[in-house]
Amino acid sequence: MLYLIGLGLGDEKDITVKGLECIRKCKKVYLEAYTSILGVKQEKLEQFYQQKITIADREMVENEAERMLEEAKNEDIAFLVVGDPFGATTHSDLALRARQTNVEVKVVHNASIINAVACCGLQLYTFGQVVSIVFFTESWKPDSFYDKIKANMQASLHTLCLLDIKVKEQSIENMLRGKKVYEPPRFMTVNQCIEQLLYIESERKEKVYTEDTLCIGLARVGQDDQKVVSGTMKELLTVDFGNPLHCFVIVGCELHYLEKEYFDSFRITNK
């Protein structure tokens, strides 16, 4: 059987009781390590889970998943995911591939940023489409997120922006040369996100948002040093949110009085 197990957002102790029981009975344990990260090292997870963990990077999951699925036909295999197992489409694909090869799949859910973002005080049912903001390059500045933010704004809904992470990525030059040389890890900050959002607005000029649009920056949600700061885009542009992971919320409607009270409590002018 293949167990898809969510680890939550904080540290090794965020695992559910059911998830921990599944991990400890598995023959082999993989940790997906490219769509998100936990705030603790692998060694600490192994000590708490009482299992050796094999890191599963993007290359392994996308190109060598068949080997893991073959193992799961005869043994219990755990695939650990930061947050919830279905927080990324990659894991939905893995579950489908497993079922197509007659591998039984059991899912153990956990908290993810999709629901934990409510710690900023905005009510979950007032959120619209979630968007991903990827790192721009000199020749590639995608703006597909802009239309989704626009649709959310028109529907008076908030937008959760998930920020890019680059772990074990190759440069285009090394890819073309076939060199297994990887770039240092990079994690997009709230500040970089705002810069890119404002750049696209300056290009599109549809006034979907401005530097005066209300927003909320979040860092390390679920961890002991979680940080939440609200303000305008201009105000948050220079805030130091510290270590990753970061995410960003664009306020899309007039705030409910409870939302406003929360928003004001996190306001940069109150810090």
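Computed from heavy atoms alone, side chains included, the values below leave out hydrogens, waters and symmetry copies.
Contact annotation: the side chain of T54 never approaches that of V29 to less than 4.5 Å [non-hydrogen atoms, C-beta and beyond]. Put simply, the side chain of E32 reaches to within 4.5 Å of the side chain of F79, judged on heavy atoms. In this structure the side chain of L94 reaches within 4.5 angstrom of the side chain of L69, judged on heavy atoms. Between V221 and V117 there is no side-chain heavy-atom pair separated by less than 4.5 Å. Two residues are said to be in side-chain contact when any heavy atoms from C-beta on lie closer than 4.5 Å; L7 and L31 meet this criterion. Looking at heavy atoms from C-beta onward, L20 lies out of side-chain contact with V17 at the 4.5 angstrom threshold. Taking the side chain as every heavy atom from C-beta outward, L122 and V249 approach each other to under 4.5 Å. Q226 is listed as a side-chain neighbour of C119, based on a closest heavy-atom distance under 4.5 Å.
Between the D84 side chain and the N110 main chain, a donor and an acceptor come within less than 3.5 Å of each other. With R220 contributing its side chain and D225 its backbone, the two residues share a donor-acceptor pair below 3.5 Å. Between the side chain of Q196 and the main chain of I133, no donor-acceptor pair closer than 3.5 Å is present. No donor-acceptor pair closer than 3.5 Å links the side chain of D212 to the backbone N or O of K234. For the pair E201 (side chain) and K207 (backbone), a donor-acceptor distance under 3.5 Å is present. S230 places a side-chain N or O within donor-acceptor distance of the main-chain N or O of F263, the cut-off being under 3.5 Å. Judged by distance alone, with hydrogens and angles left aside, the side-chain atoms of Q51 form a donor-acceptor pair with the main-chain N or O of C26 at under 3.5 Å. For Y209 (side chain) and I149 (main-chain N/O), no donor-acceptor pair under 3.5 Å exists by modelled atom type. Panel note: side chain E75, backbone K28; no donor-acceptor pair is recorded below 3.5 Å.
Distance OH/Y3 to CD1/I23: 11.5 Å, rounded to 0.5 Å. With rounding to the nearest 0.5 angstrom, the CD atom of E12 is 5.0 Å from the NZ atom of K44. Distance check, rounded to the nearest 0.5 Å: CD of E46 to NZ of K52 gives 5.5 Å. Rounding to the nearest 0.5 Å gives a distance of 8.5 Å between SG of C22 and CD1 of I15. Separating the CD atom in E66 from the OG1 atom in T101 is a distance of 8.5 Å, to the nearest 0.5 Å. Between atom NZ of residue K205 and atom CD1 of residue I200 there is a gap of 11.0 Å, rounded to the nearest 0.5 Å.
Ring planes of F145 and F136: parallel class, angle under 30° (limits at 30 and 60°).
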Requested in this report: Step by step, work out the salt bridge (charged side-chain N to carboxylate O under 4.0 Å, His left out) result for R204 and D143.
Outcome: CA-CA 9 Å; R204 296 280 295 262; D143 64 356; 3.0 Å; yes
Report task. Step by step, work out the side-chain contact (heavy atoms from CB on, under 4.5 Å) result for L197 and I250. Result -> CA-CA 10 Å; L197 288 169; I250 302 171; 4.1 Å; yes
**Report entry** Worked verdict on L214 versus T232 for side-chain contact (heavy atoms from CB on, under 4.5 Å)
**Finding:** CA-CA 4 Å; L214 296 180; T232 64; 4.2 Å; yes
Requested in this report: Show your working on salt bridge (charged side-chain N to carboxylate O under 4.0 Å, His left out) between K73 and E70 and close with a plain yes or no.
Outcome: CA-CA 5 Å; K73 289 181 178 180; E70 193 64 32; 3.4 Å; yes
Query raised in the report: Taking it one step at a time, do L124 and I114 satisfy side-chain contact (heavy atoms from CB on, under 4.5 Å)?
Result: CA-CA 9 Å; L124 286 177; I114 303 298; over 6 Å; no
Query raised in the report: Passes side-chain contact (heavy atoms from CB on, under 4.5 Å), T159 versus C161? Steps please.
Result: CA-CA 6 Å; T159 303; C161 303; 4.2 Å; yes
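Every pair passing salt bridge (charged side-chain N to carboxylate O under 4.0 Å, His left out) that includes a residue from residues 249-261 is listed here, sequence neighbours excluded: K260-D264.
Connection of Y49 to V82 is established within a shared hydrophobic cluster, with ILVMFWY side chains joined at heavy-atom distances below 4.5 Å, either directly or through further cluster members. Placement of M60 and L4 within a single hydrophobic cluster is found when ILVMFWY residues are connected by side-chain heavy-atom separations under 4.5 Å, directly or transitively. A continuous path of Ile, Leu, Val, Met, Phe, Trp and Tyr side chains, each step under 4.5 Å between heavy atoms, connects V131 with Y199, placing both in one hydrophobic cluster. I194 and M153 end up in the same hydrophobic cluster when Ile, Leu, Val, Met, Phe, Trp and Tyr side chains are linked at under 4.5 Å. Under a hydrophobic-cluster definition in which Ile, Leu, Val, Met, Phe, Trp and Tyr are linked whenever side-chain heavy atoms come within less than 4.5 Å, directly or via other members, F86 and M68 are assigned to the same cluster.
Annotation: Y30, atom OH; neighbour count of heavy atoms from other residues, nucleotides and ligands within 6.0 Å is above 12. By the neighbour-count criterion of 12 heavy atoms within 6.0 Å, atom CD of Q47 is sparsely surrounded, having that number or fewer from other residues, nucleotides or ligands.
Ionic pairing of E21 and K18 is not present here: no N-O contact between side-chain nitrogen and carboxylate oxygen is shorter than 4.0 angstrom. For D240 and K227, the salt-bridge test fails: no basic side-chain N is under 4.0 Å from an acidic carboxylate O. Taking a cutoff of 4.0 Å between a charged side-chain nitrogen and a carboxylate oxygen, R267 and E235 qualify as a salt bridge. A salt bridge does not link K41 to E43: none of the charged nitrogens lies less than 4.0 Å from a carboxylate oxygen.
Each of L163, I165, D164, L162 was checked for a side chain to side chain contact (heavy atoms under 4.5 Å, CB included) with V134, and the lone residue meeting it is D164.
Residues that satisfy the ring pair (Phe, Tyr, Trp, His ring centres under 6.0 Å) test with F135, not counting sequence neighbours, are absent from this structure. A search for ring pair (Phe, Tyr, Trp, His ring centres under 6.0 Å) contacts involving F248 returns nothing, not counting sequence neighbours.
Shortest non-hydrogen contact noted between T16 and V108 is OG1-CG1, 3.5 Å. In terms of heavy-atom proximity, T210 sits nearest to T213 at N-OG1, 2.8 Å. Between P244 and I37 the shortest heavy-atom distance is CG-CD1, 4.4 Å.
Two rings, from F127 and H158, have their centers less than 6.0 Å apart.
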